[in-house]
Structures are given as C-alpha cells and as structure tokens.
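See structure below.
Chain identifiers are assigned alphabetically (A, B, ...) following the order of the sequence lines, protein sequences preceding nucleic acid strands; residue numbering begins at 1 within each chain.
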Protein chains: 2
Amino acid sequence: MSWLARAEGLAGIEPGIAARLGTLPVSPLPKGKVLFCPGEAARGFTILLTGRVEVFLIGPTGREILLYAIEPGQSCVQSTLGLLGGEDYTGEAVAATGCEAVLVPKDIFLALMDDSPVFRRFVFGAFAQRLQSVMALLERVAFQKVESRLAADLLDRAADGAVHATHQEIATRIGTAREVVSRRLDALARAGMVRLDRGCVTIEDAAGLARLAAADGAR
Amino acid sequence: MSWLARAEGLAGIEPGIAARLGTLPVSPLPKGKVLFCPGEAARGFTILLTGRVEVFLIGPTGREILLYAIEPGQSCVQSTLGLLGGEDYTGEAVAATGCEAVLVPKDIFLALMDDSPVFRRFVFGAFAQRLQSVMALLERVAFQKVESRLAADLLDRAADGAVHATHQEIATRIGTAREVVSRRLDALARAGMVRLDRGCVTIEDAAGLARLAAADGAR
DNA sequence: GCGGCTGGGTGACACAGTCACAGACGGGCC
DNA sequence: GGCCCGTCTGTGACTGTGTCACCCAGCCGC
C-alpha cells in the first residue's frame, strides 16, 4: 500500500497523479531533528505522514515562540514559500516526535500544481490554514495577556488533567520568558487552579482556567 | 483598453482568459470605505488597480495594528481565504486613499484557478507574499522594541524628510498605544533625531534612526 | 558522598500598556 | 477680534512584561 492512502488531504487524487507520487520514498525523521533553518533554500515540498513537527520563530535575544505545528497529513508550508514566492523564510522547524515524511522534489511539485486539481486544492488549503493560524497567533501575541495565553495553552495540552512540560517549554509555546511563566504559574497555584510539580502542571480548576483564557481573548 | 493591462501580476494572461476577465467592471472605492469587517462572508476575489487599502487587526481594548497594506496590482488575500479555506477572517480593511478595484465573482474565480496557470501563479504569489509579511510582522511585534519599530516606520514613511501623521496614526501602524509613541518621539526629539510639530514629524538624523531601527531587529 | 546538571524561585530594574487628566492648538462662528 | 469646541499632545501613576543575575533544590552518574 502506498503512503498516499495515509494522507487524508490527498484523498481522491487522480489515478495518473497517484502513480507518479506513490513511488516517492517515505523518510523517517528522528525526534529533535532540525528540518530547516533560516536562510536555507527549500529542497522541495514536504508532506508529513506521522509525528509532529513544530516551527519556531527565534528572536535576537534567543527567545522563541511557536509559530505553528505540522500534524500528520499536513504539509510544510514554509518550504512551499521558497518554491513559489522565492524569499527565504525565517524560523526553525524541529521534529517534536519521531516522524515519517515524504519529500516531493521541486520539479514534480510544480508539475503537479499544473496537472492536478486535487493536489492544488491540498496545497491551497494548507496555505490558507497557515495564514489564518499565523494571524490568530499575531492577535494573541499583540493583544492578549500572558495569563490568558498560559491558561489557554494549559487547557489545550492537558492530557489526563495534567501537562508534562517544563516552564521553559511552556514559555516557548506561548512566546514569553521562563521567569514570567514561573511567576504566573505560581499565582495560579496560589489561586488553587493548578498544582505544581517538577516538570508537571496539574489542573485543579479547569473552569477557572477557561475563564482566564477567554478573559481578553474574546474572539 | 481593458483594466487587465494595468495589473502587472496578470501580465501574460492567456487570451481566452483575458476575454472572460476583461469585461468585469472597475469599481471606485472612496477613501475611508470599509471593505470588510470580521465575520462577513467573502463575496469574491478583489484585485486593486489604484490606491491603497490597509488591513488592521483590532484588539478587544480597541488598540489596532496594521496587518498589511494592499498596493496596486495586488489582491485582497483575506477574501481568498474565504473562497478556499472557508473560515472567517478577523481584521478590517479600509481604503487609505481613493481606490479602483475589480471584483472577480466566486464562480469565475474558481474556474480561473482551474483553467489559467498565470492566474494561479498570481494568486499563489499573493498568498506567499502575505504569509511572509505577516510572519515578519509577528517577528517585529514579538521581539522588537517600540523604539526600533518607530524608527523603522518613520524612515519608511518619510516623504521629503518628514512624516505627516498624528501620533495616533503612527501608534496604529506599529501596533502600540498613542502615549507610548508620544513618549518615544519625545525621547527622539531630545536626542536631536527628529523635530516635532502638530501632525508632523521631521527627520533630522536619518542615520541615527536607521541605527535604532536595526538595533534589535537584526534581520 | 560528591559534583555537576537541570528545573525552578527571586529581586531588581527598564520598558510597555492603560487610565485619567490637563494643556495647546486650530478652525469655525459670532 | 473673541469664543467654543474638537482634535492633538503631554504627563503622572500604576500594572504587567522582559531581562539580568543570582541562588536553591532535586536528580543522576560516578
């Protein structure tokens, strides 16, 4: 069975196109692998099959912020920018887990864009989604307080009512500094909304956090 | 002569397509006209011929930030989002000057996406450019100090060595509050880099401003 | 037990955003 | 001219954030 069957976005792809795509090899990516860094030219169009890739923006002071994450079935949009618009991208992509991905070489990619409506729709959809998510992120960074972003992130990532992450990891995800996260978490703990342990935040009052998360987000 | 000749991005468009597009009417947009607001469904794909349209993100406190500007020959990308991805966009577009634009209805737009490689490339290019500019904006907002953004904006908008704008307008463009702009401008004036008059900032030391603008941007 | 490493806490300080005002200027109106 | 009113600008106070420079507490391997 070709990997194509595992990429939902490409369901219904034309048979002729599928034949061209299906033979491309699936590459494994070890956890922690850096997929690209600023200034590097795009080698092709990447489709993620399993795992999770996180793309960060890195500031001059070393502070980082999570730009977006690539989930299975999605493509790495930044690589497309290089193929279409031409400009270098800023930001760094890191495999957050072990991953499998397919790299579509540039010439095949361009040919598919001309030949396959399904493929085109797939690429466009990915673009639209990214643009929207980046704008949403901008809105949060520009207008929302840290407390609010923190609460939202905790609720978002809670597995079994707890988040396993260091303060530094949380800080990176919401685009602030570790100390700030520590202080805010401390405040939340004092308010009885969470419990803190080394490398783990346990949620005690999800409703309270939800209230904070909505506080100045109000979208 | 059709308006098509005035849209550089569409140069080289296929004759058959041109015939379909060329007869669409050119609409005038008065200065200050609001093109769309959050939640509104996209009516079609807009191509700007003359003038300038500015798109703002608006926070819950009423603070605004300039997301991007649409220049002649460019398209309104947000409207495309609605046609492709489906989600509503946030943000508000306002005609900064009197404008002329062409509205391509949804069905024609979708047909062109399938039929015309040139049109496709035009739309894709616009997308890529927007995504990149929004990411660059995010980077500035997340990592750059107000002083730096202010200096960059002044240099950017200086006509004849002066910027005609109120502090409020400047604040909106760089995504901060009026008071902050007033204070920063005051500091720049004390440092001899600018001269302040009502509704006008005169640049006295462009090199000094350039140094500030590059300070923590370092791209 | 010891040393080093990582995660977490703290205090000090500068910058930014918000609120609440107070002046200052300009243009229209009499 | 003098007056009024709305817009633009300056200021002070206070809170939230980002950064720097530390220290402390666990944990691990040796």
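Rounded to a whole Å, the CZ atom of B/Arg190 is 14 Å from the C1' atom of D/dT9. As a whole-Å value, the separation of B/Lys145 NZ from D/dT17 C1' is 10 Å. In this structure, A/Gln168 atom CD and C/dT6 atom C1' are separated by 11 Å, rounded to whole Å. Following rounding to the nearest Å, A/Leu185 (CG) and D/dG16 (P) show an atom-to-atom distance of 16 Å. Between B/His164 atom NE2 and D/dT7 atom P there is a gap of 21 Å when expressed in whole angstrom units. Put simply, CG on A/Leu196 is 17 Å from P on D/dA25, counting in whole angstrom units. Atom C1' of nucleotide C/dC15 and atom CG of B/Asp186 are separated by 16 Å, given to the nearest angstrom. If you measure from atom CD of B/Glu147 to atom P of C/dA14, you get 15 Å, rounded to the nearest angstrom.
Put simply, B/Thr176 has a side-chain N or O that comes within less than 4.0 Å of OP1 or OP2 on C/dG17. Regarding contacts with the backbone of D/dC8, every side-chain N or O of B/Ser182 stays at 4.0 angstrom or more from both OP1 and OP2. For A/Thr166 and C/dT6, the shortest distance from a side-chain N or O to OP1 or OP2 is not below 4.0 Å.
Using a 4.0 Å cut-off between charged side-chain N and carboxylate O, A/Arg157 and A/Asp153 make a salt bridge.
Among residues at least two apart or in separate chains, there is no side-chain hydrogen bond (donor to acceptor under 3.5 Å, both in side chains) pair with a member in residues 198-215 of chain B.
Which of D/dG18, D/dT9, C/dG8 sits closest to the side chain of A/His167 comes down to C/dG8. Closest to the side chain of A/Arg178, from the set C/dA16, C/dG17, C/dG8, is C/dG8.
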Intermediate values then yes/no, side-chain hydrogen bond (donor to acceptor under 3.5 Å, both in side chains), B/Thr50 and B/Glu100 | CA-CA 5 Å; B/Thr50 61; B/Glu100 288 176 298; 3.2 Å; yes
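Judged by distance alone, with hydrogens and angles left aside, B/Glu179 brings a side-chain donor or acceptor within reach of the base of C/dC19, the pair sitting under 3.5 Å.
When all heavy atoms are compared, the tightest approach of B/Leu212 to B/Ser148 is O-OG, 3.3 Å.
Formation of a donor-acceptor pair under 3.5 Å by the B/Thr97 side chain with backbone atoms of B/Gly51 is not found in this model.
Within the nucleic acid shown, B/Arg184 comes within 4.0 Å of sugar-phosphate atoms alone, with no base atom in reach, counting heavy atoms only. When heavy atoms are screened at a 4.0 angstrom cut-off, B/Arg183 is found touching base atoms of the nucleic acid.
Comparing A/Cys200 and B/Arg198 by the nucleotide of DNA chain C that holds the closest heavy atom to each, the one mapping nearer the 5' end is A/Cys200.
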